[in-house]
Amino acid sequence: MGGPGRWPADRGERSGRSEDRPVSTISTTGQFPDGFLWGTATAAYQIEGAAAEGGRGPSIWDTLCRVPGAVQGGDTGDVACDHYHRWAEDVDHLARLGVSAYRLSISWSRVQPGGSGPLNAEGVDFYRNLLDALRERGITPYVTLYHWDLPQELEDAGGWAARETAYAFADYARAMARELGDRVALWTTLNEPWCSAYLGYASGVHAPGRTEPAAALAAVHHLNLAHGLAVRAIREELPGAACSITLNLHVLRAASGSDADADAVRQIDGLANRVFLGPLLEGTYPADVQQDTASVSDWSFVHDGDLDVVRQPLDVLGVNYYSSTRVRRFDGEGEPVRADGHKTTAASPWVAADDVEFLPQPGPYTAMGWNVEPAGLTELLLDLHERYPDQPLAVTENGASFADEVVQDPALGIPRVHDIARVAYLRDHVAAVAAAIDAGADVRGYFAWSLMDNFEWAYGYSKRFGILHVDYPTGERTWKDSAYWYARLTRTGRIPAVFEAGPAA
Ligand code: FCB
């Protein structure tokens, strides 16, 4: 992240350094505080399947998956990992992994098919049983209420561009607090509202696939508002309930030390980071973002009193981190480069920022083409800590996609996945968290994305992020070497070496 005036003048130098820095030189004591949560994360649409079972209604992702060309390979979440039927087995895997927490999301259209009105008892029971099974195993449930799967009926009524959706979300949050309140340790309202707003309504890469920049800005605000209304509703139902939100904050690098590139960082930091952090944690929208986007919107969707609603005390701020982003002010020559890692289409997710270029970062890269830069995670956590010293943090997603292959282990007679690149990625990022803690950041937990391979949105099943491998035709789960490595980490609280990945001999 970077804010106006917050970045040192040596931006170019920083960028230069990241090019030569070998990934494995991060040093750390590797000590984690007592009670630090080790978890894995998933999301309902990506794993559940059973799209038309148990009274579930359609969501915007069911709809987008049916638009030709929208999702790679024409894949859908209809079956996904079949977690809806295999959840008990998945809880067994979590217990074997030794995690103390599991971050899951509730499918809104499974528990309230139309997004408003009566609840679907069968859907609520599904989560009740899952939460009970987790607690029986001593696994703390972190529940996200919205991981991108808006009930289609609400999109038909305007989606996140419509203010009413924020109120519908708060009603749903209240209903979940009432139904599941005694079973949930922490409520996360939204996952990555940046993606919901800009990929959903500006670039159209995500559901609902709209390319309307003004609607995207309205969605930003209505998501922020939805968060505030939901936190209030949850705490009205459950006084003292622990609440959070998860953001995908962008760690930004300027392409050079020029003022023009510093201003490009400022502009993108506004759209990516401060437009959420500002209202959520400080109760204000950044004036420069409103100025930058004045040609697109007058921001009249922000009503009097909204900002008081949006800003609610957060027990934890969730941070998802995968890679970093390099920007440059476009000089008007040729076509601007748009390698922002968010899948390039005709429309940009960056509202009113057509004169900002997104340059490829130095490698190494994961199968998503995302650069691997663990130091960016340390920097992000420390930057947040410096800005909001009293705000506890958690890394709610971090992980990597690589092309995995299942092979038979001749010695042990079991299937194996030798995902050493993922082990190295996880090790270096866990070390980056330890470094942030050593330097004073209040980080309460780390959640590996993901428990298992799953439906990776517009990429369908082509990208595997799991520490468990999923064979989609059969649904069979196989522990990758990274899962064995992670189990060692959760049991010892010590960062195992890469060679310690794999089953005990
Ligand atoms: C995040 C999403 C998560 C997953 C990872 C790879 O942006 O929250 O669902 O797709 O990226």
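Keep in mind it's a predicted model, so treat the numbers as computed, not measured. All ligand and atom numbering here is 1-based and tracks the order in the structure.
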Closest non-hydrogen protein atom to [atom], residue and atom name please, with distance?
atom                   : value
atom 7 (O) of ligand 1 : E192 OE1, 2.6 Å
atom 5 (C) of ligand 1 : Y322 OH, 3.3 Å
atom 1 (C) of ligand 1 : E397 OE1, 3.1 Å

Determine yes or no for a side-chain-to-main-chain donor-acceptor pair under 3.5 angstrom, with N371 supplying the side chain and G363 the backbone.
no
Short side-chain to backbone donor-acceptor contact, Y425 and Y322, under 3.5 Å:
yes
Run H250 and W350 through ring pair (Phe, Tyr, Trp, His ring centres under 6.0 Å) and show every step you take.
CA-CA 13 Å; H250 285 62; W350 300 101; 5.3 Å; yes
Should the pair F455 and W61 be assigned to parallel (<30°), tilted (30 to 60°) or perpendicular (>60°) ring geometry?
perpendicular
For the residue pair F126 and H83, categorise the inter-ring angle as parallel (less than 30°), tilted (30 to 60°) or perpendicular (more than 60°).
perpendicular
Ligand 1 and [X], any nitrogen or oxygen pair closer than 3.5 angstrom?
X    : result
E456 : yes
W148 : no
W370 : no

Counting from 1, what ligand 1 atoms have a heavy atom of [X] closer than 4.0 Å?
X    : value
F465 : 6 (C)
Q46  : 3 (C), 4 (C), 9 (O), 10 (O)
N191 : 8 (O)
W449 : 3 (C), 4 (C), 5 (C), 6 (C), 9 (O)
H147 : 2 (C), 3 (C), 8 (O), 9 (O)
W457 : 3 (C), 4 (C), 9 (O), 10 (O)

Under-4.0 Å heavy-atom contact with ligand 1, by part of M368 that carries it
neither
If you round to the nearest 0.5 Å, how far is OG1 of T40 from CE of M452?
8.5 Å
Has R110 got its NZ or CZ under 6.0 Å from the middle of the six-membered ring of Y84, at an angle within 45 degrees of the ring axis?
yes
Do the side chains of R96 and D92 get close enough for a salt bridge, i.e. N-O under 4.0 angstrom?
no
Run the salt-bridge test on D90 and R477 with the 4.0 Å N-O cut-off and return the result as yes or no.
yes
Contact between K463 and ligand 1, counting heavy atoms under 4.0 Å?
no
